[in-house]
Amino acid sequence: MDNLTPLRKQYLTIKKRHTDALLLFRLGDFYEAFDGDAQVLARELDIALTSKPMGKGARVPLAGVPHHSLERHLATLISRGFRVAICEQLSDTPLQGEGSGRGLIERDVVRVVTPGTVLEPGLLQSKRNNYLAAFITDKGNAGFAYADVTTGEFAAAELKPSRALAELERLRPSEILVAESFDANAHLPNSFLTRLPDAEFEFERAKNTLLEHFGSSTLSAFGLRNKMLAATAAGCIISYLRRTQTSVAEGLTRLSSYDAESYMMLDAQTLRSLEIFESSSPASSLLAVLDHTRTPMGGRLLRKWLRQPLLDIAEIVRRQEHVARFVEYADEHEAMVALLDSIRDIERLFSRVHTALATANDLMALGSSLEPLIGLRRVLQRNTKLFGATLTALPPCDAAAQLINKAINDDRTASGGVIREGFSEELDRLRDILRDGKRFLSELETRERARTGIKSLRVGYNKVFGYYIEITRPNLHLVPQDYTRKQTLVNGERFVTLELKEHETLVVNSQERISELETSLFRHVCHEISKHRTEILGAAGTIAYLDVIAAFAETARSFSYVRPVVVNSNELQIKGNRHPVLERVMSDKGFVTNDVELGGRSAPQIALITGPNMSGKSTYIRQIAITILMAQTGCFVPASEATIGLCDRIFTRTGLYDRLGSGESTFMTEMVETAEILHHATPRSLILLDELGRGTSTYDGLSVARAVLEYIHNHPQLNSKTLFATHYHELTALEELLPRLKNFHVQIVEKGTELIFKYKVVPGSADRSYGVYAAKLAGLPRPVVRRAESLLSFYEKEANEKDVGQFAQQDSNRKSNTAIEAKLCEMLRGIDLDSLSPVEALMKLYEFRRLAEAENDARIARRA
Ligand SMILES: Nc1ncnc2c1ncn2[C@@H]1O[C@H](COP(=O)(O)OP(=O)(O)OP(=O)(O)O)[C@@H](O)[C@H]1O
Ligand SMILES: [Mg+2]
């Protein structure tokens, strides 16, 4: 070690503490990586790998990037899954001759950047939260917490593991912290995984970190008293941030415990198949068509609302009333939107101010984003009854806005500094000196020209030599005695005088002082602004709220959405319903609207929908689910009229696809998801089953589909509203067996050999699939289509004679059985247990038995 340079020793000491990260070591204008890190850096960023002598006989591999391009390179490294430790120079002015070993700048790692902890605006998506999560399981329970360090959002929850995983899927954290011993096979979402020593996940330790961080004495303060796992996860986040980041953890000043039960449950599969956030083309997700938000905060909140539709009618109604107001009062809506347009990302700007990363531009942007608050309040004040609570939650933040306005110079085009004139007397005085200095120099020039008689005499300045008087060669004989020669040029010489030297000292001193003073004043302003965090972040939250409300109003107005009546029952009634995304894509051709009525007292529980390929079955069932989801976020819906019973969960089993990497086949995936539905659905759930069973042979598929339908229909705990789209026409026979199942089909008109799609869903069943017709439309070669047609008629004949015959036979026994079962079930359901006397109960039993016996006799008679 002795033969190494001090710099090398310093590097090795720091690197030892960060073996799991790429260490970027600041050396002047570069961030350098050494040794193995250098090789990685060169490879990943495609930059040159060189080497540097760092001691006797020690040449070390080296690769580096200029300091100003750090952000760009960080983005690449983080996206490729690296953790990057950034080591800065902690003292500004390099001690002389660092290279030659006569002194060393103090250096240390100030941040370890990981996907969940980036702060650089360039690495963040403005309308998307960047979450860091922690996850822990124990004895059949799971705890998790998540934080967005750029906005200060911080929450924790404790749930069943499957539910917690579903929540994580929805949140899509960029990074998840788990214990070293955590099961590697658990189905965590596809995020950057950071494993921490098990000790970090010990409750006592994590609890203490958490309590100390918030200066609190009990977990009750966060609603986490009986939620040890949630508290542990939250504590882990704090200690991880403290270890990897300088002051970022301080930005997390509120922790909310959150109860996933208070939102409609949407698993990742449902979000995918309804194309809520993503779809094959980026413009056609529900988010994309609803996102008329103007601010990043609003954009992030809209995502959250779509992820978490409400189960609380009062809150839904509150949002609806606010939307309705802006739908009705276009002028208020316009005024609001214009103000929102001028607001930038207050949450992230504030967090930069708070963590001392802000630039003057950031501070100015924050100031100008606070100014519209007064205007926003004025709009809301037009109806204080409706917006009372919103107004309270929207503080004007005028003190902070004024401070920024007074302190920060918004015109920094010329030589003006960061701090505005008039903010600090001392600064103004120093600036005057500089300004006078300019005058002094031009006066000096005039004076010296007169004294020496040299017309071309010029006072100038350069960085190396400072101020000088320049005399051209032909005039050199006129130079006075008191000039001291400083530099010789081709065409002349440069001199200084005592007076000029004194002036230089004054200027340099003032400049240094100005720069020091500006830095400290800027820090002071940031610090003062930080004190307004409750107001500012509160206002930001309300701005986000108003932004989403205004966006909902805009969509409602432009696309004639209506306000749904949301009720606390299981009925569902929608008239003139459209698919919000499809109707926009095909605005010219005209989307055909449809109605639906399910649940409640008289409507069917299950709608079985048949129809040819491409007739609109999938579209129909999806638009209904999407409409319910929208209604529960407070949004108006694409319909002419809607009454919607609160839905606790939307289940979907749609489309054929493989769960890549899960090691399950297509059909297996289908069955796993169906099992999940049958285990978890409730009478308040909506189930979408699109062509269940088509992943296997016809009769297997048909049998599974039928069994599933019977189960949903007959199981008293399910009774869920169900939309079932299918090509199995055999299933339509179930209408006679299951009283709460009703057949529907999508209308088509046959015109010669052509089919005309009407896209209208009407009662009754379709008679054929027209799959071969679709094959023709798709442009399959003619011979293939013709052959398929003749095969089809052959199979149809065959099937009618054999298989279906058997099926029908089995059905007719089963049919009466199921019919009687269904009847008994209906009767049981009709009994009001609370008002039933024991005698009446006995009478009922006799009645049931009579029915059952009669049925038995009938069957024996049929067999005989
Ligand atoms: N209500 C509607 N109005 C107008 N066009 C519609 C409507 N519904 C569906 N379509 C059009 O029909 C196409 C096919 O719809 P969809 O995928 O729902 O059919 P499908 O019956 O589920 O077909 P498959 O049986 O092949 O799955 C849509 O992409 C859309 O272009
Ligand atoms: Mg379909």
Side-chain angles (χ1 to χ4, degrees), residues 269-270 272-275 279-281 283-286 288-289 559-561 574-596 607-627 637-640 642 651-657 666 670 673-674 687-695 698 701-702 705 722-732 743-750 754-780 785 788 792:
Q269 145 71 12
T270 298
R272 234 185 342 252
S273 69
L274 297 181
E275 307 193 312
S279 74
S280 40
S281 80
S284 52
S285 64
L286 179 66
V289 300
F559 299 95
S560 315
Y561 289 4
I574 312 174
K575 294 222 166 76
N577 192 197
R578 289 110 57 194
H579 191 294
V581 179
L582 259 184
E583 81 162 328
R584 296 233 200 146
V585 202
M586 39 188 294
S587 52
D588 48 335
K589 273 193 272 164
F591 190 86
V592 178
T593 67
N594 271 305
D595 305 340
V596 63
L608 186 77
I609 301 135
T610 44
N613 292 99
M614 287 295 288
S615 60
K617 299 182 296 297
S618 303
T619 307
Y620 175 68
I621 65 174
R622 278 172 213 216
Q623 79 189 25
I624 293 168
I626 295 173
T627 301
V637 297
S640 57
F651 290 96
T652 53
R653 164 82 278 281
T654 63
L656 270 189
Y657 71 97
T666 309
E670 188 175 349
E673 285 174 9
T674 309
I687 303 178
L688 257 51
L689 295 168
D690 199 351
E691 302 193 22
L692 181 72
R694 74 166 158 174
T698 312
L702 179 55
T722 304
L723 294 157
F724 195 108
T726 187
H727 286 289
Y728 294 136
H729 292 275
E730 294 85 343
L731 289 176
T732 55
N743 285 331
F744 293 88
H745 71 281
V746 197
Q747 244 181 357
I748 44 149
V749 177
E750 274 182 83
E754 300 300 303
L755 288 187
I756 299 167
F757 292 92
K758 292 284 185 191
Y759 304 113
K760 202 74 185 169
V761 176
V762 293
S765 59
D767 45 359
R768 287 170 58 197
S769 260
Y770 303 98
V772 175
Y773 180 78
K776 190 166 118 196
L777 280 189
L780 248 60
V785 175
L792 178 67

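Start at 1 and go down the list; that is how both ligands and their atoms are numbered.
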*Which residue supplies the protein heavy atom nearest to atom 15 (O) of ligand 1, what is that atom called, and how far is it?*
Thr619 OG1, 3.4 Å
*Say whether His579 and ligand 1 are in contact under the criterion: heavy-atom distance to a ligand atom below 4.0 Å.*
no
*Using the six-membered ring wherever Trp is involved, compare the ring planes of Tyr759 and Phe757 and label them parallel, tilted or perpendicular (cut-offs 30° and 60°).*
parallel
*Tell me which protein heavy atom sits closest to atom 22 (O) of ligand 1, plus the residue, atom name and distance to 0.1 Å.*
Ser618 OG, 2.7 Å
_Tell me whether Arg584 contacts the main-chain N or O of Val289 through its side chain, where contact means a donor paired with an acceptor under 3.5 Å._
yes
*Take Ser618 and Asp690, measure what side chain to side chain donor-acceptor pair (under 3.5 Å) needs, and give me the verdict at the end.*
CA-CA 7 Å; Ser618 303; Asp690 199 351; 2.6 Å; yes
*Which atom pair, heavy atoms only, marks the closest approach of Gln269 to Arg653?*
NE2-CA, 4.1 Å
*For ligand 1, which atoms sit closer than 4.0 Å to a heavy atom of Pro612?*
21 (O)
_N, O or S from Ser618 under 2.8 Å to the Mg ion (ligand 2)_ = yes
_Heavy-atom gap Ser615 to ligand 1 smaller than 4.0 Å_ = yes
*Determine whether any heavy atom of Met586 lies closer than 4.0 Å to an atom of ligand 1.*
yes
*If you take all heavy atoms of Ala639 and Lys575, which pair is closest and at what distance?*
CB-O, 3.4 Å
*asked:* Can you confirm whether Lys760 is buried at NZ, in the sense that more than 12 heavy atoms of other residues, nucleotides or ligands lie under 6.0 Å from that atom?
replied: yes
_Protein residue, atom and distance nearest to atom 13 (C) of ligand 1, heavy-atom basis_ = Met614 CE, 4.0 Å
*Any non-hydrogen protein atom less than 4.0 Å away from atom 29 (O) of ligand 1*: no
*Give the numbers and elements of all ligand 1 atoms closer than 4.0 Å to a heavy atom of Glu691.*
24 (P), 25 (O), 27 (O)
_Nearest non-hydrogen partners of Asn613 and His727, listed with the distance_ = ND2-NE2, 3.3 Å
*Give the residue and atom name of whichever protein heavy atom lies nearest to atom 25 (O) of ligand 1, and the separation in Å to one decimal.*
Lys617 NZ, 2.7 Å
*Among protein heavy atoms, which sits nearest to atom 26 (O) of ligand 1, and what does the distance come to when rounded to 0.1 Å?*
Asn613 ND2, 3.1 Å
*asked:* Using 0.5 Å steps for rounding, measure from the CD1 atom of Ile687 to the OG1 atom of Thr270.
replied: 10.5 Å
_Option of least heavy-atom distance to atom 1 (N) of ligand 1 (set: Val592, Val585, Asn577)_ = Val592
*Residue pair Val581 / Val585: nearest heavy atoms and the distance that separates them*: O-CG2, 3.1 Å
*Check each atom of ligand 1 against the heavy atoms of His727 and keep those under 4.0 Å away; list them by number with element.*
25 (O)
*asked:* Return the closest protein heavy atom for atom 19 (O) of ligand 1 as residue, atom name and distance.
replied: Gly616 N, 3.1 Å
*Could you walk me through whether Ser279 and Ser284 pass the side chain to side chain donor-acceptor pair (under 3.5 Å) check?*
CA-CA 6 Å; Ser279 74; Ser284 52; 2.8 Å; yes
*Below 4.0 Å from any atom of ligand 1, is there a heavy atom belonging to Gln623?*
no
*What is the nearest protein non-hydrogen atom to atom 12 (O) of ligand 1, stated with its residue, atom name and distance?*
Tyr759 CE2, 3.4 Å
_Short side-chain to backbone donor-acceptor contact, Gln747 and Val762, under 3.5 Å_ = no
